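Computed from a predicted structure; not experimentally measured.
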Amino acid sequence: MIQAISDEDFRKLTNFIKSQYGITLQQKRQLVTSRLSSLLMEQGYNSFSEFVDHFLKEKDPQKMEQVLNRLTTNYTFFMREPEHFDFFTKVILPQLVQKYQRKKSIAIWSAGCSSGEEPYNLSMYIKDFLGMQASQWDTRILATDISQKALSAAKKGVYELPDTVPEVWRKKYFKKLEGSQYAVSPEIRNNVIFQTFNLMDPIRFRTKFDVIFCRNVMIYFDQPTKDALVRRFYEATVPGGYLMISHSENLSKDAPYTTVAPSTFQKK
């Protein structure tokens, strides 16, 4: 049985995680203790003190990821918060297709993509919208996450589909596997570029984005961390571009974006 974590070790551990990843756990002592106790036992530690000392001294990327995977929830699914997809297909996509008729290129970022359902979902909406013209356009989506485990599952592209996925899409964009599993079709998989990225880092991608989806990610951040991230998103968005966050999140009143729909913001 692992002894309870001391005040000092809890402070050191949570401060380090916040400084590196923006994740605020200072008010979640019970969660940290319960979720990490089994990890400590698996790795042969006798106490939190021993674990925290090694963890902070080694800064081993693999161990850091194991800790993050225990403390955060990489939970998502297809067709999540469908109002965003409605606005995307009815308002944003028509604007972008008109705007980029000549260069035929759209830049979209799924920030905190977890196991990949969101960027694949977006690709399906885009392919449907463009129809026969889809092959003429570069609509590849950048999908990033801090978790290698989540990205590995995303790249695999094998899922159990919720009932909300239309039957026509099951046939068009998936291949039925054994049991209840489906594999995302190559044309959809090839439209997503997966990459490791820590949202606390400076955003220095080669292109600015027409749309940034960052949903159910900022729930882990305190307000100053959210505000700083939103400012970085703003700088990484083209004029007229959009940011979409989850319905359970909000931006500060002084955020630089303009609200255009629930949880949907535009850089005017």
Side-chain angles (χ1 to χ4, degrees), residues 76 78-80 82 84-145 150-159 165-166 168-169 171-175 182-197 199 201-215 217 232-245 257 260 264-268:
T76 187
F78 284 103
M79 320 301 280
R80 188 176 195 179
H84 284 144
F85 296 125
D86 286 345
F87 190 87
F88 178 70
T89 50
K90 290 173 184 170
V91 178
I92 298 176
L93 273 179
Q95 285 177 6
L96 296 179
V97 169
Q98 188 176 10
K99 180 179 179 180
Y100 296 125
Q101 265 305 318
R102 291 186 67 180
K103 77 169 188 172
K104 289 187 164 43
S105 177
I106 296 170
I108 297 171
W109 178 15
S110 171
C113 68
S114 188
S115 45
E117 286 93 331
E118 179 179 88
Y120 287 141
N121 230 164
L122 287 167
S123 295
M124 293 169 202
Y125 279 105
I126 292 167
K127 297 288 184 193
D128 262 19
F129 184 85
L130 291 173
M132 301 292 284
Q133 292 183 42
S135 60
Q136 300 167 26
W137 284 74
D138 180 1
T139 60
R140 284 172 299 170
I141 294 165
L142 174 66
T144 67
D145 203 276
L151 289 174
S152 173
K155 288 174 187 173
K156 220 175 273 180
V158 174
Y159 305 96
V165 175
V168 65
W169 275 14
K171 291 175 179 168
K172 191 175 178 185
Y173 296 132
F174 293 92
K175 181 187 175 188
Y182 289 79
V184 176
S185 70
E187 72 163 325
I188 296 300
R189 283 175 61 171
N190 294 339
N191 200 57
V192 181
I193 300 162
F194 290 106
Q195 193 172 318
T196 309
F197 185 73
L199 288 172
D201 290 344
I203 298 170
R204 294 186 180 132
F205 297 115
R206 281 178 305 186
T207 186
K208 288 189 185 282
F209 297 96
D210 298 297
V211 192
I212 298 174
F213 281 79
C214 185
R215 304 188 300 166
V217 175
R232 292 198 295 280
F233 280 153
Y234 189 81
E235 291 304 315
T237 312
V238 300
Y242 294 88
L243 169 67
M244 289 193 170
I245 65 174
Y257 289 96
V260 290
T264 303
F265 308 89
Q266 188 174 26
K267 179 174 179 174
K268 293 291 189 184

Main-chain N/O of [Y] paired with [X] side-chain donor or acceptor, under 3.5 Å:
X	Y	value
Arg189	Lys155	yes
Asp145	Ser114	yes
Gln266	Gly240	yes
Thr264	Val260	no
Lys267	Thr237	yes

The ring pair (Phe, Tyr, Trp, His ring centres under 6.0 Å) partner of Trp109 among Tyr242, Phe194, Phe205 is Phe205

With Trp169, which of Tyr120, Phe174, Tyr125 fulfils ring pair (Phe, Tyr, Trp, His ring centres under 6.0 Å)? Tyr125

Calculate, to the nearest 0.5 Å, the distance between atoms [atom1] and [atom2] belonging to [X] and [Y] respectively.
X	Y	atom1	atom2	answer
Gln95	Ile106	CD	CD1	11.0 Å
Ile188	Ile126	CD1	CD1	8.5 Å
Leu142	Phe197	CG	CZ	9.0 Å
Ser110	Gln195	OG	CD	12.5 Å
Lys104	Trp137	NZ	CH2	6.0 Å
Ser135	Lys127	OG	NZ	8.0 Å

Heavy atoms, side chains only, cut-off 4.5 Å: are [X] and [Y] in contact?
X	Y	answer
Phe233	Ile203	yes
Leu96	Val211	yes
Val217	Cys214	yes
Ile212	Met244	no
Phe129	Pro94	yes

Could Glu118 and Arg215 be called an ion pair, given the rule that one side-chain N must be under 4.0 Å from one carboxylate O? yes

Carboxylate-amine/guanidinium contact Lys172 Asp128, below 4.0 Å: yes

Please tell me whether [X] and [Y] have a donor and an acceptor in their side chains that are separated by less than 3.5 angstrom.
X	Y	answer
Glu117	Ser115	yes
Asn191	Thr139	yes
Lys99	Gln101	no

Crowded around [X] [atom1]? As in, over 12 foreign heavy atoms under 6.0 Å?
X	atom1	value
Lys156	NZ	no
Arg232	CZ	yes
Gln98	CD	no

Table please: side-chain donor-acceptor pairs of residues 86-93 below 3.5 Å, with sequence neighbours left out.
| residue | atom | partner | partner atom | Å |
| --- | --- | --- | --- | --- |
| Thr89 | OG1 | Phe85 | O | 2.9 |
| Thr89 | OG1 | Asp86 | O | 3.2 |

With sequence neighbours left out, what residues match Tyr100 under side-chain hydrogen bond (donor to acceptor under 3.5 Å, both in side chains)? Asp210

Just do the side-chain contact (heavy atoms from CB on, under 4.5 Å) check on Thr196 and Thr144 with the steps written out, would you? CA-CA 5 Å; Thr196 309; Thr144 67; over 6 Å; no

Are Phe265 and Ile245 close enough, and set up right, to give a side-chain contact (heavy atoms from CB on, under 4.5 Å), and what steps lead you there? CA-CA 8 Å; Phe265 308 89; Ile245 65 174; 3.7 Å; yes

